[in-house]
Protein chains: 4
Amino acid sequence: MSDERRSPGRPRSQSAREAILTAALELVGEVGYAGLTIDGIANRAGVGKQTIYRWWASKADVLLEAGAALADVRVPVQDCGSYEADLRAFLKASYRIVNQPQMADLLRAVMAEAQINPAFGDRLRSEFLQRRREAFAIITARARDRGDLPERPAPGTVADIVFGTIWYRVMATHQAFDKRLVDDLAALLARPSSGSSGRRRSAGAGT
Amino acid sequence: MSDERRSPGRPRSQSAREAILTAALELVGEVGYAGLTIDGIANRAGVGKQTIYRWWASKADVLLEAGAALADVRVPVQDCGSYEADLRAFLKASYRIVNQPQMADLLRAVMAEAQINPAFGDRLRSEFLQRRREAFAIITARARDRGDLPERPAPGTVADIVFGTIWYRVMATHQAFDKRLVDDLAALLARPSSGSSGRRRSAGAGT
Amino acid sequence: MSDERRSPGRPRSQSAREAILTAALELVGEVGYAGLTIDGIANRAGVGKQTIYRWWASKADVLLEAGAALADVRVPVQDCGSYEADLRAFLKASYRIVNQPQMADLLRAVMAEAQINPAFGDRLRSEFLQRRREAFAIITARARDRGDLPERPAPGTVADIVFGTIWYRVMATHQAFDKRLVDDLAALLARPSSGSSGRRRSAGAGT
Amino acid sequence: MSDERRSPGRPRSQSAREAILTAALELVGEVGYAGLTIDGIANRAGVGKQTIYRWWASKADVLLEAGAALADVRVPVQDCGSYEADLRAFLKASYRIVNQPQMADLLRAVMAEAQINPAFGDRLRSEFLQRRREAFAIITARARDRGDLPERPAPGTVADIVFGTIWYRVMATHQAFDKRLVDDLAALLARPSSGSSGRRRSAGAGT
DNA sequence: GGTTAAGCGAGACGGTACGTCCGGTCTTCCT
DNA sequence: AGGAAGACCGGACGTACCGTCTCGCTTAACC
C-alpha cells in the first residue's frame with residue numbers, strides 16, 4: 001500500500017543531522033554569526049564538512065532549520081471572539097518565540113544573510129516569512145467575516161506593520177519585545193477606522 | 001579666527017576619498033554586497049588598500065558614508081499644521097530617500113552588516129538610525145504640544161512602527177514603499193485613541 | 001583430486017572484474033593517471049567502489065593487472081644461437097610490448113606510483129620488474145655456458161643497462177623505442193670485453 | 001648604468017623563500033613525497049599557503065628548486081685526456097650527486113611527478129634533464145674531435161644508456177650507484193666499436 | 001527449500017588536502 | 001606623512017577523493 005520504496009544506498013544519518021543542528025545553535029551563541037563557520041560546525045558535531053554541504057546550501061540554511069525546531073510554538077489560530085483578541089493572541093505567541101534565548105540572535109542572522117545572499121532570501125521568505133504571514137492572514141480573514149476588521153489598512157499592510165515592528169525591535173533597537181507592545185499594536189490595529197466607513201461596518205455587524 | 005591648525009605631513013587626498021565612495025557604490029550595484037571586497041574597491045578606485053583601511057573600519061562603513069550623500073534629502077521638520085500632515089510629510093521624505101535607485105540595496109547591506117558585526121551595528125545606530133528617530137521625535141513632540149498626539153502608543157513605539165514597517169518592506173517583502181503606505185500609516189497613527197480606554201485614562205489623569 | 005573447494009557465499013563476479021580492468025585502461029588514456037580515480041573507474045564500470053577495494057589495494061594495482069593482459073607477449077627464451085641474437089630477440093619482444101598504444105602510459109603510471117607508494121613499489125618489483133629480469137637472466141646464463149658472454153659487466157649490471165635505457169626513453173625523453181636502439185644495445189653488450197680477458201675468451205672460442 | 005628599476009610594492013621575501021625550500025626538503029625526508037602537502041610545507045615554514053602558490057606551480061616544483069641547490073656539484077667538463085677518462089669523471093660527479101642523503105628520494109619524487117603531471121614533466125626536462133644531457137654532450141663532442149669516440153651508438157643513445165642506467169638503479173632496483181658501475185659503464189662505452197669502422201677512425205686520428 | 005554467507009550496486013559517512021579568495025598588515029618607493 | 005603597489009601570514013571557502021560503512025539485493029553452497 002505504502003509507496004515508501006527506500007532508495008538504494010546508505011540512508012541519511014539522523015544522528016549526524018541532529019548533531020549538526022545542535023552544534024550550529026550552540027556555536028552561533030558562542031561566537032556569533034560572523035564567527036560561525038562550516039568547519040566549526042563540522043568539528044563540533046563530529047561530522048565531515050561534506051555531510052553539511054550535502055544537505056544544506058549554507059550555514060544560514062542550517063540555522064534556519066535549527067530555528068524551525070525552536071519556533072515550534074504554533075501560532076494560535078483559534079477564534080478568540082474578536083479581532084483584537086485574536087491579534088493579541090497572535091502577538092503573544094510571537095512574543096514567546098522571539099524571547100527564547102537563542103532565537104533573537106538566530107533571527108538577526110538569517111535576516112542578515114537574506115539581504116546578502118538573494119537565493120537564501122527567497123528560501124527564507126518561502127519557508128518562514130510567508131508561513132508566518134499566512135498564519136496572520138487567517139486572523140484578518142476571520143475579522144473581515146466577523147465584521148470587526150477596520151477598513152484600512154489592507155490586511156497585507158497590517159501584516160507589514162505587525163511583523164515590521166517586531167523585526168525592527170529585534171534588528172535595529174535591540175529593545176525587548178514586551179507585553180506593552182502587544183497591547184499597543186493590538187489596540188492600534190483593532191481600533192475602527194476613522195470616518196464613516198468604520199461606523200458603517202459597526203452598524204452592519206450590529207444588525 | 002579659524003582653528004584649522006593643519007597637521008603636519010601630507011593632507012588627506014580628497015580625490016582618493018571620492019573615488020573610493022564612488023567605486024563602492026558602483027560595485028555594490030554590480031556585484032552585490034556579498035561580492036564587494038576591499039580589494040575590489042581599491043582597484044576600481046585606483047587606490048591602495050591601506051588608504052581604505054586608514055579611514056574606514058570596514059566595507060560597510062564605506063557604504064554608510066557613501067550612502068550619507070544619497071540620503072541628503074533632509075527630513076522636513078517644519079510644522080504642517082497637524083500631526084497627520086507632519087507624519088505624511090515625514091513619510092513622503094522617507095519615501096523619496098528609499099526609492100532612490102541604489103538606496104534600497106545599500107540600506108539592506110548596512111542593516112545586514114549591523115546584525116553580523118556588532119561594532120558596526122553600534123555605529124549604524126548612532127550615526128544613522130538614531131538621527132532619523134530624533135528627526136521623527138520632533139514631530140511627535142510638536143503634536144503633543146499641539147494636543148493632537150494620540151495618547152497611545154508612546155512616541156518611541158510610534159517610531160518603531162513607522163521605521164519598522166519601512167525596513168520590513170525593504171528587507172523582507174521587497175515591496176515598493178508606495179504612497180498608499182504613506183496614507184495608511186499617517187491615518188492609522190494620527191487617528192485618536194479609541195473610545196472608553198482613552199477617556200478613562202484622561203479621566204484618571206484628571207483626578 | 002582437485003582441491004577446488006568452493007567457499008560458500010556468492011562467488012566473485014568475473015564480469016565486474018573485467019569491466020573494472022577495461023574501465024581503468026580506458027580512463028587512464030582519457031584523463032591521465034592523475035585524473036584517474038577509484039570513483040571514476042567504479043562509475044565507468046557500473047560497479048560499486050567497494051568491489052574495487054575488495055580486490056585491489058590501489059588504482060595502480062588495478063592498472064598493473066590490466067597491463068598484465070596487454071604484456072602477454074611472452075619473452076622469447078629459446079636459444080637463437082648466439083648471445084647477440086638472443087639479446088636482439090629479447091629486445092625486439094620488449095619493443096613490441098612497449099610500443100603498444102596504451103602501454104607506455106601505463107608503464108609510466110605504475111613506475112611513478114612505485115616511487116610514491118613504497119608498498120606498491122615492492123609489488124611492482126616482485127610481480128613485474130623481477131620477472132622481466134629473471135627472463136633476461138636466462139639469456140645471460142645461456143651465454144655464459146655457451147662462452148660468448150663478455151666478462152664484464154656482470155649479468156645484473158647488463159640487465160640494469162638494458163632495462164634502464166628502455167625505461168629512461170619511456171619516462172624521460174619520450175623517445176620511441178625503435179629498432180635502431182635494439183641494434184645498438186645488442187651490438188654494444190655482445191661485443192667482447194676489451195683487454196686481456198676479452199682476448200683470452202676470443203682465443204678460447206677460436207680454438 | 002644598471003637597469004635594475006625596482007618594481008613598486010613590497011619585494012619578495014627571501015627569508016620566506018628559503019624557509020619554504022628548507023621545509024620542503026625536511027618534510028619529504030620525514031613523511032615521503034606522498035605525505036608531503038602544501039599545507040604542511042607552509043606550516044613548517046611559517047608561511048601562508050598563498051606565498052607558495054604565488055611562486056611555485058606545485059610541490060614538485062618546490063622540490064625541484066630545493067634540489068637545484070643540492071645538485072650544485074658542477075659537472076666536470078674539463079678534458080681528462082681520453083673519452084674513457086672523461087666518462088669516468090662525469091660518472092663520478094653524478095655518483096656524488098645521487099649519493100647525497102636526500103637526493104635519491106628527491107629524484108624519485110620529481111621523476112614520478114613528471115610522469116603524472118605532463119606540464120611538470122616538461123619543466124623537469126627543460127630545467128634539469130636537458131641540462132645534464134648538454135653537459136654530457138660536451139664529452140662526446142670532445143671525444144669525436146679527439147677521435148676516440150666509438151662510431152656506435154650515437155651520442156644521444158650513449159646519453160640514454162648512461163642516464164637510463166643511473167635512473168633505473170635509483171627508481172627500480174634501489175641499488176646503490178657504486179664505483180663498480182662507474183667502471184663498467186666507462187669501460188663498456190669507451191671500448192672501440194667492433195669491426196672495421198673503429199679501426200678506420202683510429203688510423204685517421206693517428207695520422 | 002530454507003538457511004547461511006559472501007559479493008554486489010548504491011550512496012552517505014568522517015576525513016584530508018586541494019587551490020582560491022579575502023582580510024588585515026607590512027614594506028618598499030614615490031610624492 | 002600620505003599614497004599606490006603588492007607581497008606577506010592567516011584562515012575559511014567549497015570541491016574532490018579517499019577508504020569505510022550501511023543499506024537492500026542477489027547468488028550460490030550447504031543442510
Does the side chain to side chain contact (heavy atoms under 4.5 Å, CB included) test come out yes or no for D:I20 and D:I41, once each step is laid out?
-> CA-CA 6 Å; D:I20 289 165; D:I41 298 172; 4.0 Å; yes
Looking only at N and O atoms, is any donor in the side chain of A:R10 or the base of E:dC13 less than 3.5 Å from an acceptor on the other one?
-> no
When the nearest nucleotide of DNA chain F is assigned to D:A42 and to A:G9 on a heavy-atom basis, which residue is associated with the more 5' position?
-> D:A42
Calculate the interatomic distance between C:R12 atom CZ and E:dG9 atom C1'; express it in whole Å.
-> 16 Å
Could you tell me whether the side chain of D:K49 has a donor or acceptor atom within less than 3.5 Å of a complementary atom in the base of F:dG10?
-> no
C:E18 CD to E:dC8 P: how many Å, rounded?
-> 13 Å
Check whether the side chain of D:Q50 and the base of E:dC21 form a donor-acceptor pair under 3.5 Å.
-> yes
Do the charged groups of C:R17 and C:E65 touch, with an N to O distance under 4.0 Å?
-> yes
Mind checking C:G46 for me? I need base, sugar-phosphate or nothing, with any heavy atom below 4.0 Å counting as a touch.
-> sugar-phosphate
Would you kindly compare B:S13 and C:K59 by the position of their nearest DNA chain F nucleotide and give the one closer to the 5′ end?
-> B:S13
The residue, D:I38 or B:L36, whose nearest nucleotide of DNA chain E is more 5′ is D:I38
Integer-rounded Å distance: F:dA16 P and C:N43 CG = 13 Å
Side chain of D:D39 only, please: which of E:dG9, E:dC18, F:dC8 is the nearest?
-> E:dC18
Starting from C1' on F:dG6, measure out to CD1 on B:I52 and report it in whole angstrom.
-> 14 Å
Exercise: identify the closest heavy-atom pair between D:V31 and D:L36 | CG2-N, 3.9 Å
Nearest-Å distance, CZ (D:R54) to P (E:dC22)?
-> 14 Å
Nearest whole angstrom, please: distance from the C1' of E:dC8 to the CD1 of C:I20.
-> 10 Å
Atom pair distance, as rounded to whole Å: CZ in A:F120 and P in F:dG14 | 14 Å
Is the phosphate of E:dC8, meaning OP1 or OP2, less than 4.0 Å from a side-chain N or O of C:W55?
-> yes
Bend angle of the helix from E:dG1-F:dC31 to E:dT31-F:dA1, from helix axes over five pairs at each end, nearest 10° | 10°
Round to the nearest Å and state the distance from B:W56 atom CH2 to F:dG2 atom P.
-> 14 Å
Under 4.0 Å between a side-chain N/O of A:T51 and OP1 or OP2 of E:dG14, yes or no?
-> yes
Please confirm whether B:K59 makes a cation-pi placement over B:Y33, using NZ or CZ under 6.0 Å from the six-membered ring centre and within 45° of the ring normal.
-> yes
Close side-chain approach of A:L63 to A:W56, heavy-atom, < 4.5 Å | no
With a 4.5 Å limit on heavy-atom distance, are the side chains of C:L64 and C:E127 in contact?
-> yes
Provide the closest heavy-atom pair for D:L124 versus D:A114 in the form atom of the first, atom of the second, distance.
-> CD2-CB, 3.7 Å
Determine, step by step, whether D:R44 and D:E30 satisfy the salt bridge (Lys or Arg N to Asp or Glu O under 4.0 Å) criterion, reporting the C-alpha distance in whole Å, the side-chain angles of both residues, the deciding distance to 0.1 Å, and the verdict.
-> CA-CA 12 Å; D:R44 172 73 62 102; D:E30 293 172 22; 2.8 Å; yes
Go through E:dG23, F:dC9, F:dG14 for me and flag the one nearest to the B:T37 side chain.
-> E:dG23
Against the side chain of C:Y53, the closest entry in E:dG19, F:dT20, E:dC13 is F:dT20
